[in-house]
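Chain identifiers are assigned alphabetically (A, B, ...) following the order of the sequence lines, protein sequences preceding nucleic acid strands; residue numbering begins at 1 within each chain.
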Protein chains: 4
Amino acid sequence: MSRDPKRIPSMVKNRRLVEKRRRQIIRGACDLFVRKGFHKTTTREIARECGLSIGTMYEYIQSKEDVLYLVCEYIHSELEKRLKKALAEAGTGREGLTRAIAQHFKVMEEMSDYVLLIYQETKSLPREAMSYVLRKEEEITSFFEEILKRGIADGTLILDPSTVKLMAHNIMVLGQMWTFRRWALNGDYSLEEYTRCQTALLLDRMQPSEHGREMT
Amino acid sequence: MSRDPKRIPSMVKNRRLVEKRRRQIIRGACDLFVRKGFHKTTTREIARECGLSIGTMYEYIQSKEDVLYLVCEYIHSELEKRLKKALAEAGTGREGLTRAIAQHFKVMEEMSDYVLLIYQETKSLPREAMSYVLRKEEEITSFFEEILKRGIADGTLILDPSTVKLMAHNIMVLGQMWTFRRWALNGDYSLEEYTRCQTALLLDRMQPSEHGREMT
Amino acid sequence: MSRDPKRIPSMVKNRRLVEKRRRQIIRGACDLFVRKGFHKTTTREIARECGLSIGTMYEYIQSKEDVLYLVCEYIHSELEKRLKKALAEAGTGREGLTRAIAQHFKVMEEMSDYVLLIYQETKSLPREAMSYVLRKEEEITSFFEEILKRGIADGTLILDPSTVKLMAHNIMVLGQMWTFRRWALNGDYSLEEYTRCQTALLLDRMQPSEHGREMT
Amino acid sequence: MSRDPKRIPSMVKNRRLVEKRRRQIIRGACDLFVRKGFHKTTTREIARECGLSIGTMYEYIQSKEDVLYLVCEYIHSELEKRLKKALAEAGTGREGLTRAIAQHFKVMEEMSDYVLLIYQETKSLPREAMSYVLRKEEEITSFFEEILKRGIADGTLILDPSTVKLMAHNIMVLGQMWTFRRWALNGDYSLEEYTRCQTALLLDRMQPSEHGREMT
DNA sequence: TATGAATGAGTTTTCATTCAT
DNA sequence: CATGAATGAAAACTCATTCAT
């Protein structure tokens with residue numbers, strides 16, 4: 001779909017090397033950004049952390065913002081990858097959705113810091129890069145739209161078509177909520193409990209049958 | 001409850017004046033932070049925006065972070081105030097909850113930029129200030145816990161006590177979602193539609209009755 | 001005439017102070033630029049030389065190029081001032097021109113380093129500033145056009161009107177030549193000799209002698 | 001005469017190759033220096049422009065300043081070559097001088113950008129290289145001294161021997177003036193007009209006319 | 001109290017040059 | 001000989017904070 005990840009120019013020709021060095025940069029920068037935030041991290045720190053001299057680092061990027069973009073892009077593609085894999089295993093319909101949600105939440109747990117990072121620093125990206133990142137977010141969200149639509153099609157989910165998109169976003173947000181409300185939820189709920197409750201909340205409404213459901 | 005809004009020292013003794021000047025600072029800084037973010041706003045800009053000289057401004061704060069704290073605190077207390085007022089009018093039980101949610105969402109709409117700001121910049125606060133802000137957030141959340149508990153008590157809401165807290169957070173987050181997913185939702189849903197759908201989602205699960213309802 | 005010396009903004013309000021500090025900056029920078037050239041002089045050196053901290057210096061300029069502009073403008077206005085004064089005393093007609101040329105050459109001698117500087121660094125100015133400087137140069141040149149015209153009018157100079165401008169430029173350039181060919185001329189000619197010869201060269205052609213010649 | 005063009009060492013032994021590569025370097029660098037100036041041109045750009053890798057380029061030079069020297073030397077020898085050729089054709093005496101001046105001015109027109117370049121960047125050369133370049137300039141100037149002397153000898157030019165040198169410099173400078181005052185002269189004079197006027201100015205003084213004048 | 005000029009540590013970024021392959 | 005990735009010193013510029021008036 002959105003096949004245009006803003007290409008960041010590099011002074012270095014060797015493709016392989018560029019890939020490798022950028023992975024280094026991303027790894028180092030991710031940690032630092034998570035720990036200190038984008039603005040409080042200096043380029044020299046990033047260089048040191050990823051084992052390059054600043055000079056060398058700047059052979060692979062054009063500006064500090066490029067590093068942020070690289071990091072955001074990486075996180076999003078990682079999320080996408082993991083989610084895609086999870087969804088592939090999940091199957092379809094109601095059952096599939098249940099598993100998909102659980103997988104999504106699991107991914108959120110694993111990527112907790114990174115998701116938080118994206119939420120807090122996306123705004124620091126330059127316009128163009130930011131809209132790419134948001135498009136990516138929407139793309140990921142649409143995975144859930146697909147599952148919901150298939151569930152509607154096979155009759156295992158009851159849902160007004162106009163609310164499909166909203167529901168997909170709800171699923172995304174309730175997953176992310178596990179990362180950015182950790183400080184409030186962590187003491188009271190385990191990921192399993194959290195998943196069970198939120199799944200019930202989301203799925204009960206889409207129940208095709210007329211009788212009893214339980215929450216816990 | 002949380003009666004300890006980190007006291008920010010001022011060089012100026014006159015209480016009245018301090019209050020007045022800080023209101024000026026908050027108003028100016030809010031706009032700037034929303035527009036450009038905390039880090040990209042300079043103290044000079046803040047001073048200019050709020051009609052003080054930098055020297056004067058620094059008579060009322062100790063550091064730039066203090067301004068952020070002041071702003072966050074202001075936004076939270078504004079949110080709290082509005083929500084409290086809304087909840088006071090909302091009444092109790094199921095009916096009350098419906099109205100409370102609608103009010104909450106309306107407040108989110110009104111305070112959209114500010115809510116977003118808090119979400120993105122809270123991390124920039126120094127430890128102590130940050131935990132105060134988070135505590136405040138939890139406090140606001142607990143308003144909904146109260147309503148839910150009262151609903152359970154009067155039998156108009158069915159909900160496992162262990163999920164009360166989670167539900168309260170869900171309500172908060174689904175409200176905030178209207179601000180930080182605006183870019184994705186705005187085209188497809190009006191605030192009214194959004195409110196109706198999310199309310200249905202949230203309340204259906206707590207329905208004490210045994211029979212079918214619709215979403216739209 | 002060209003009443004628009006590109007106004008360079010300053011962070012500091014106090015006009016007097018701005019004037020004073022900029023004079024400091026110009027003085028320090030002039031020396032350094034003459035000695036090392038614009039590009040090989042660092043902003044820190046300029047600041048040190050003029051007794052300001054870099055921070056302070058940057059309160060009065062926006063960029064290093066501004067310093068160059070300030071310096072060029074200063075030199076030009078100094079040249080203009082001295083030349084104007086000289087020309088005012090010079091009187092009119094053939095006599096006046098002789099004295100004007102001598103004064104001009106004297107000014108070139110005095111301002112030798114600065115004239116050289118302008119010749120070598122004007123190109124480093126940003127477009128807008130450069131064209132202002134060139135306009136100024138043309139303006140100064142036109143002083144000589146005026147004298148020539150007056151000489152033609154009063155009959156003490158014979159010159160085809162179409163060559164007035166060229167002659168004015170010649171006078172300018174033969175003056176500047178004393179600065180940028182110093183390395184070659186200094187050993188062989190004193191300023192007096194130089195002046196006498198060049199004046200003869202320039203004026204003989206314009207002699208209203210009994211057996212009139214024409215130029216074209 | 002000045003047979004000591006500062007030898008620039010090269011890592012490469014093959015003479016032929018060194019010559020060839022340096023010609024490449026000069027060609028690329030000339031264009032860039034004219035367009036952007038020496039300091040604003042990077043070594044990478046030079047290498048790219050002349051089709052070498054930086055590594056390779058540095059096999060043939062020792063520093064960026066070497067490139068400037070190479071360029072200046074090239075321009076000067078080109079000027080010398082063309083002027084020599086022109087002067088050879090020009091003949092001697094008054095007639096010859098007239099033609100020589102016209103040829104010189106024509107060369108200035110052709111080499112306009114390069115002459116300008118030399119005037120602005122010579123100062124950026126390291127001491128030794130600079131004095132070589134200046135010596136070269138003097139050498140070229142002395143061509144005109146020769147012509148003048150021959151003119152004096154054959155009686156077609158009247159000129160005090162002590163002013164020969166000055167006149168030669170004047171001829172040089174009035175030619176160069178066509179390049180560095182282009183911005184002011186171009187609109188008003190064609191090269192032909194310019195040449196005619198300046199030649200008249202220069203030669204009239206040296207006229208062996210019937211009622212001899214002297215220069216003092 | 002109010003002001004705003006002064007400060008300089010700290011930031012991002014560039015680029016001439018080297019050297020292992 | 002040719003290559004181009006690596007280097008890091010050095011550059012321009014910023015900005016939170018202070019303090020004399």
Side-chain angles (χ1 to χ4, degrees), chain A residues 10-14 17-18 20-21 39-47 51-67, chain B residues 10-14 17-18 21 39-48 51-67, chain C residues 10-14 17-18 20-21 39-47 51-67, chain D residues 10-14 17-18 21 39-48 51-67:
Chain A
S10 166
M11 290 276 76
V12 175
K13 306 274 175 77
N14 184 332
L17 193 54
V18 172
K20 181 182 158 197
R21 291 281 182 255
H39 284 103
K40 289 196 177 160
T41 303
T42 69
T43 51
R44 298 194 109 88
E45 284 174 312
I46 298 171
L52 301 174
S53 64
I54 348 132
T56 302
M57 189 172 87
Y58 267 90
E59 294 284 300
Y60 297 92
I61 56 164
Q62 310 241 72
S63 71
K64 194 185 167 193
E65 277 172 346
D66 280 354
V67 179
Chain B
S10 165
M11 290 283 83
V12 176
K13 297 303 155 205
N14 181 337
L17 193 52
V18 172
R21 291 280 183 255
H39 284 101
K40 289 195 177 160
T41 303
T42 68
T43 51
R44 267 167 143 142
E45 285 173 314
I46 298 171
R48 193 185 320 127
L52 301 173
S53 65
I54 339 132
T56 303
M57 188 171 88
Y58 265 88
E59 295 287 308
Y60 298 94
I61 56 163
Q62 309 242 73
S63 73
K64 194 186 167 192
E65 279 171 344
D66 281 353
V67 179
Chain C
S10 165
M11 291 275 76
V12 174
K13 308 274 175 78
N14 184 333
L17 194 53
V18 172
K20 181 183 158 197
R21 291 280 182 256
H39 284 102
K40 288 197 179 159
T41 303
T42 70
T43 52
R44 299 192 111 90
E45 284 173 313
I46 299 172
L52 301 173
S53 65
I54 347 133
T56 301
M57 188 173 88
Y58 268 92
E59 294 286 299
Y60 297 92
I61 55 162
Q62 308 241 76
S63 70
K64 194 187 167 192
E65 277 172 345
D66 280 354
V67 178
Chain D
S10 167
M11 290 283 84
V12 176
K13 296 304 155 206
N14 181 337
L17 193 52
V18 172
R21 290 279 184 254
H39 284 101
K40 288 195 178 160
T41 303
T42 68
T43 50
R44 268 167 141 141
E45 285 173 313
I46 299 171
R48 196 186 316 126
L52 302 173
S53 66
I54 338 131
T56 302
M57 190 170 87
Y58 265 89
E59 296 286 308
Y60 298 94
I61 56 163
Q62 308 242 75
S63 73
K64 195 188 168 190
E65 279 171 343
D66 281 353
V67 178

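A heavy-atom distance below 4.5 Å is not found between the side chains of Val12(C) and Arg21(C). Contact annotation: the side chain of Tyr60(D) never approaches that of Asp66(D) to less than 4.5 Å [non-hydrogen atoms, C-beta and beyond].
Other residues, nucleotides and ligands contribute at most 12 non-hydrogen atoms within 6.0 Å of the NZ atom of Lys20(C).
Across all non-hydrogen atoms, the minimal contact from Glu65(A) to Lys40(B) is OE2-NZ, 3.5 Å.
Closest to the side chain of Ser53(C), from the set dT7(E), dT7(F), dA9(F), is dT7(E). The nucleotide whose nearest atom lies closest to any side-chain atom of Val12(C) is, among dG8(F), dA5(E), dG8(E), dA5(E).
The phosphate of dA2(E) has OP1 or OP2 within less than 4.0 Å of a side-chain N or O from Tyr60(B). Between Tyr58(A) and dT13(E) there is a side-chain N or O to OP1 or OP2 distance below 4.0 Å. Taking only side-chain nitrogens and oxygens, Thr43(D) never comes nearer than 4.0 Å to OP1 or OP2 of dC15(E). Checking the phosphate oxygens (OP1, OP2) of dG4(F), no side-chain nitrogen or oxygen of Lys13(A) falls inside 4.0 Å. Between Arg21(D) and dC1(F) there is no side-chain polar atom (N or O) within less than 4.0 angstrom of OP1 or OP2. Thr56(B) has a side-chain polar atom (N or O) that falls below the 4.0 Å cut-off from OP1 or OP2 of dT3(E).
Between the CD1 atom of Ile54(D) and the C1' atom of dA20(E) there is a distance of 14 Å, given to the nearest Å. Taking atom CE of Met57(A) as the reference point, atom P of dT13(E) lies 9 Å away to the nearest angstrom. With rounding to whole Å, Ile61(A) atom CD1 is found 13 Å from dT14(E) atom C1'. One interatomic measurement links the two molecules: CD1 of Ile46(A) to P of dT13(E), which rounds to 10 Å at whole-angstrom precision. Between Lys64(A) atom NZ and dT14(F) atom P the separation is 16 Å, expressed in whole Å. One atom, NE2 of His39(A), and another, P of dA16(F), lie 12 Å apart when rounded to the nearest Å. Atom pair Glu45(D):CD and dA16(E):C1' shows a separation of 13 Å (rounding to whole Å applied). Distance CD (Gln62(B)) to P (dC19(F)): 13 Å, rounded to an integer number of Å.
Nearer the 5' end of DNA chain E, as judged by each residue's closest nucleotide, is the contact made by Arg44(A), out of Arg44(D) and Arg44(A). Where Glu59(C) and Leu52(A) each meet DNA chain F at their nearest nucleotide, the meeting point lying more 5' is that of Leu52(A). Of the residues near DNA chain E, Asn14(B) and Leu17(C), the one whose nearest nucleotide (by heavy atom distance) lies more toward the 5' end is Asn14(B). Each of Glu65(C) and Met11(D) lies near DNA chain F, and the nucleotide nearest Met11(D) is the one positioned closer to the 5' end.
To the nearest 0.5 angstrom, Met57(B) atom CE is 11.0 Å from Arg48(B) atom CZ. Considering CD1 of Ile61(C) and CD1 of Ile46(C), their distance stands at 7.0 Å, rounded to 0.5 Å.
Among the heavy atoms of the strands, none lies under 4.0 Å from Ser10(A).
Nucleotide dA20(F) forms a pair with dT3(E), judged by Watson-Crick or G-U wobble geometry with both contacts under 3.5 Å.
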